[in-house]
Amino acid sequence: MKISYYPGCTLKTKARNLEDSALACLKALDIEFEELPRWNCCGAVYSLADDDLIHLIAPVRDLIRAKERGADTVLTLCSMCYNTLARANKLMAEDEEKRGTINQFMDEEPDYFGDLKVVHFLDFLRDDYGWDKVKEKVKVPLTGLKAAPYYGCTLTRPKEVAVDRPDKPTILHDFLDALGATTVDFPSTIECCGTYQVLGNPEVALKRSQGILSDATLHGAEALALACPLCDFNLGRRQDQMLEKFEGATEVPIFYFTQLLAVALGVAPDDCRLDLNRPSALSLLKDKQFITV
Amino acid sequence: MPQEISDKTINDRWRRRIMEISGENVYQCMQCGTCAASCPMADDIDASPRKVMALIQFGQAEALDHLNTPWVCASCHMCVVRCTRGIDLPRVMEALRLTKLRDNVDHVEPSNLQPEEVVDLPQIAMVSGLRKFTS
Ligand code: SF4
Ligand code: SF4
């Protein structure tokens, strides 16, 4: 297995806590990979129009970059990048006509046939690394941490690229179990946070996100674990607005799943990048004595 | 409000265009309402995805023009997962947006965005939002 890691735009800027903690985990788990030396924005959303092939050029170009490096697997951390690259990859593998048009349009590039495997770090951990091996590597079990897994949309929908069952995913549950945390199931675990509506209808997105957080706390969660920087923005960064606006809203620490993994693996606290989360995140881990400095 | 369905209001060209862009056959919808019950935006949309499908089936372009549903849809894909007829509704919503955007009518004007509102936004929010709301 030769892995090319595709970072994507947000991980290099607004979601350094996702990237830095994930890279520290990859190292701690002895997973070999190469970060793509050359890549472009994948476009963040997969084109949903039948006649719109131009927006497929960006993700396909990224896949070609990975092929160039001799990779057979593209590893992603951002759920939206995962979704966009995986769907573009699938189209290139399955739609002969569109593949032909795209390859012809990019005649400066080698033809691409959708023969890479696009994975998210979560399904990589489950399918290629294995929960048992993760468990073996855990040095600081997150015993007593009541964490709610939050899937959002793009990891598990649509079905064609879902890393798990779209209607009842368990992959994040199983991940948290492997770290020794107490997994808190709640109905909104697969509900949408409002995603890009933060741009078009910010109030609607805020309401959606608040609904998710209050549902999680109602079911006994003291923190949320997620994988997408846009979910993190809506549910984390915008919490101050929720606390101001909604009666009964309470602070909920938000973690990237990779940060919880890093803490459990005993990665140096600085590399978990909790300094970039809401302060409540680090406080909670200190209260639980998972981090002592 | 009752909807007048007659030669005057049925826009067949537009209906065919929506099916072409989305690649979906809107006549397959049997109005079961599962999408409406699954949509996280239910409280904030003028018409449920089920009703949007009915309006397209009847070629009601003008009526749909006044509804916010395609612009509040978050492409969350919950309705696709659950649709009893296997219809890809987010593709239909995208087609509805594109018929407007391709006439150069932006839904969000980028120059109107306040710097303090967007400075913290992750790039994926900007890129996806502008992909959905501008031409
Ligand atoms: S994709 Fe759009 S219409 Fe369908 S459930 Fe999600 S928000 Fe509602
Ligand atoms: S779930 Fe499918 S068949 Fe049922 S109303 Fe919605 S689009 Fe139509």
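Naming convention: chains lettered A, B, ... in sequence-line order (proteins, then strands); numbering from 1 in each chain.
- Only the side chain of A/Asn201 comes within contact range of chain B, with at least one heavy atom under 4.5 Å from a heavy atom of that chain.
- Counting heavy atoms from C-beta on, the side chains of B/Asp88 and A/Pro158 never come closer than 4.5 Å.
- Contacts between A/Cys78 and chain B at a heavy-atom distance below 4.5 Å involve the side chain alone, from C-beta outward.
- Counting heavy-atom pairs under 4.5 Å between each of B/Pro90, B/Ser22, B/Cys73 and chain A puts B/Cys73 at the top.
- Using a 4.5 Å cut-off between heavy atoms, A/Ser47 contacts chain B through both its backbone and its side chain.
- For chain B, no part of A/Cys193 is nearby; none of its heavy atoms comes within less than 4.5 Å.
- B/Ile124 and A/Met80 make their closest contact through CD1-SD, 3.7 Å (heavy atoms, listed as atom of the first residue, atom of the second, distance).
- Comparing B/Val92, B/Leu121, B/Leu130 by heavy-atom pairs within less than 4.5 Å of chain A, the highest count is held by B/Leu121.
- The two residues B/Ala74 and A/Cys192 have their closest heavy-atom pair at CB-SG, 3.8 Å.
- A salt bridge does not link A/Lys207 to B/Asp43: none of the charged nitrogens lies less than 4.0 Å from a carboxylate oxygen.
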Evaluate side-chain contact (heavy atoms from CB on, under 4.5 Å) for A/Lys159 paired with B/His77, printing each intermediate quantity in order. CA-CA 9 Å; A/Lys159 189 163 80 240; B/His77 285 72; over 6 Å; no
Applying side-chain contact (heavy atoms from CB on, under 4.5 Å) to A/Arg157 and B/Val80, what does each step give before you reach the verdict? CA-CA 8 Å; A/Arg157 295 191 292 274; B/Val80 194; over 6 Å; no
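- Residues A/Leu48 and B/Lys132 meet the side-chain proximity criterion, which asks for heavy atoms closer than 4.5 Å.
- With a threshold of 4.5 angstrom between heavy atoms, B/Glu94 approaches chain A through side-chain atoms but not through N, CA, C or O.
- Heavy atoms of B/Leu98 lying under 4.5 Å from chain A belong exclusively to its side chain.
- With a 4.5 angstrom heavy-atom cutoff, A/Ala15 does not touch chain B via any of its atoms.
- More than 12 non-hydrogen atoms from other residues, nucleotides or ligands lie less than 6.0 angstrom from NZ of A/Lys12.
- Heavy atoms closer than 4.5 Å to chain B are found in the side chain of A/Thr195, but not in its backbone.
- Rounded to the nearest 0.5 angstrom, A/Thr156 OG1 and B/Met78 CE are separated by 8.0 Å.
- The side-chain heavy atoms of A/Cys9 and B/Val127, taken from C-beta on, include no pair separated by under 4.5 Å.
- Panel note: side chain A/Gln197, backbone B/Trp71; a donor-acceptor pair is recorded below 3.5 Å.
- In this structure, A/Glu203 and B/Asp44 have side chains that are not in contact, with every pair of non-hydrogen atoms separated by 4.5 Å or more.
- Residues of residues 4-20 of chain B that come within less than 4.5 angstrom of chain A, heavy atom to heavy atom, are B/Arg17, B/Glu20 in numerical order.
- The environment of NZ in A/Lys14 is crowded: more than 12 heavy-atom neighbours from other residues, nucleotides or ligands sit within 6.0 Å.
- When heavy atoms are compared at a cutoff of 4.5 Å, B/Arg91 approaches chain A by way of both its backbone and its side chain.
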Determine whether B/Ser75 and A/Tyr46 satisfy the following criterion, side-chain hydrogen bond (donor to acceptor under 3.5 Å, both in side chains), listing intermediate values before the conclusion. CA-CA 10 Å; B/Ser75 309; A/Tyr46 181 73; over 6 Å; no
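- More than 12 heavy atoms of other residues, nucleotides or ligands shown are found within 6.0 angstrom of CZ on A/Phe246.
- With a threshold of 4.5 angstrom between heavy atoms, B/Ala95 does not approach chain A through any atom at all.
- Proximity to chain A is limited to the side chain of B/Leu113, based on heavy atoms less than 4.5 angstrom apart.
- Listed options B/Gly23, B/Ser38, B/Gly129, B/Cys76 were ranked by heavy-atom pairs under 4.5 angstrom with chain A; first place goes to B/Cys76.
- Side chain of A/Arg237 to main chain of B/Asp120: no donor-acceptor pair is present (N/O by atom type, distance under 3.5 Å, no hydrogens or angles).
- More than 12 non-hydrogen atoms from other residues, nucleotides or ligands lie less than 6.0 angstrom from CD of B/Glu116.
- For residues 100-109 of chain B, heavy-atom neighbours of chain A at less than 4.5 Å comprise B/Arg102, B/Val108, sorted by residue number.
- Comparing A/Gly8, A/Gly200, A/Pro166 by heavy-atom pairs within less than 4.5 Å of chain B, the highest count is held by A/Gly200.
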